[in-house]
Amino acid sequence: MIQGPIVILTGAGISQESGLDTFRCAGGVWSRHDLEDVATPQGYRRNPALVQAFYNDRRRQLEDAAVRPNPAHLALARLERDWPAPVLLVTQNIDDLHERAGSRAVLHMHGELRKGRCEACGRVLEWAGDMTVESLCPACGKAGRVRPHVVWFGEVPLEMERIFQALDACALFLSIGTSGHVYPAAGFVAHVRERGLAPTVELNLEPSQGASLFHQAFYGPASDVVPRFVETVLTGDDLGPV
Ligand code: BV8
């Protein structure tokens with residue numbers, strides 16, 4: 001019987017059924033773009049217009065009426081609402097589908113599509129429309145210094161201390177829709193296992209890179225396995241051996 005705080009890690013797989021591409025599945029984002037060009041600081045320095053266009057395309061996708069939270073996002077919002085202890089949703093995703101589903105304690109460790117950051121004054125800015133190499137910072141007025149508020153490869157993910165504090169205190173670690181390729185997120189399950197106090201569960205379409213580190217796993221589309229698992233947790237059904 002689980003009692004206590006829950007930490008959930010999500011990746012692109014939870015948004016796949018909402019119409020947002022994953023990265024490493026067939027036809028995914030990295031099959032169409034070289035991540036060195038569009039998801040590294042070096043790529044941004046080489047060709048900022050290319051990187052801004054890459055994120056503008058993905059930001060515009062969020063405006064598409066067909067892109068909305070799916071039953072997996074909604075189930076996690078229900079779990080946060082109905083669980084008697086804190087639920088922290090750490091997402092690698094930069095879309096806003098968890099928030100639109102009603103989740104409130106959401107931590108975007110890789111940043112957010114609908115935010116920008118001014119490299120002149122450091123302000124983090126709400127940003128709904130296109131961002132270009134001429135965009136003005138609304139805070140300091142400087143032109144051409146606003147970048148996507150996104151964590152690229154080689155950059156330090158956001159709020160790592162808060163994440164590890166939550167991992168160290170959790171009674172359940174749940175990983176959903178992530179391939180387990182990208183660190184440090186892919187290392188969270190090993191960190192929880194080392195403590196040995198909390199069950200680790202993977203919900204994914206297929207076994208991830210870290211599958212062997214999970215006590216339990218349920219494979220299938222997130223919109224199917226996540227609501228069922230949340231029901232199991234909320235009804236207090238035993239998760240089985242840890
Ligand atoms: C850093 C930008 C230092 C935003 C992204 C060891 C330790 C530390 C670092 C490293 C290390 N080894 C290597 C590194 C460096 C590097 C790294 O991990 N490289 C990899 C390629 C080996 N990591 C970094 O550079 C990170 N920074 O390390 O700083 C540090 C570290 C710790 C402490 C202090 C300092 C920065 C990483 C962030 C990079 N930015 N994106 C954006 O454009 O979106 S990463 C990119 O990959 C996205 O953010 C994405 O979220 C993330 C992970 O991908 P997934 O979400 O897992 O998506 P993927 O397509 O891979 O998988 C989808 C899964 O869903 C699949 O398993 C599929 O089966 C499943 N699925 C599909 N459909 C469904 C489904 N599941 C359920 N239902 C479905 N319908």
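In this chain, residues are counted from 1 in sequence order. Each ligand, and each atom within it, is numbered from 1 in the order the structure gives.
A donor-acceptor pair under 3.5 Å is formed between the side chain of N204 and the backbone N or O of G177.
Every residue meeting the side chain to side chain contact (heavy atoms under 4.5 Å, CB included) condition with D57, not counting sequence neighbours, appears here in chain and number order: R60.
For the pair R147 and W152, the cation-pi criterion (under 6.0 Å, within 45° of the ring axis) is fulfilled.
Residues R78 and E231 are in side-chain contact: their nearest non-hydrogen atoms beyond the backbone lie under 4.5 Å apart.
At a 4.0 Å heavy-atom cut-off, the residues surrounding ligand 1 are G11, A12, G13, Q16, E17, T22, F23, R24, C25, Y55, R58, Q92, I94, H110, V150, V151, W152, F153, G154, E155, V156, P157, G177, T178, S179, H181, V182, Y183, P184, N204, L205, E206, G220, P221, A222, listed by chain and number.
Side-chain contact check for E17 and H73: no donor-acceptor pair (N or O, by modelled atom type) lies under 3.5 Å. Residues S18 and N70 bring a donor and an acceptor atom of their side chains to less than 3.5 Å of each other.
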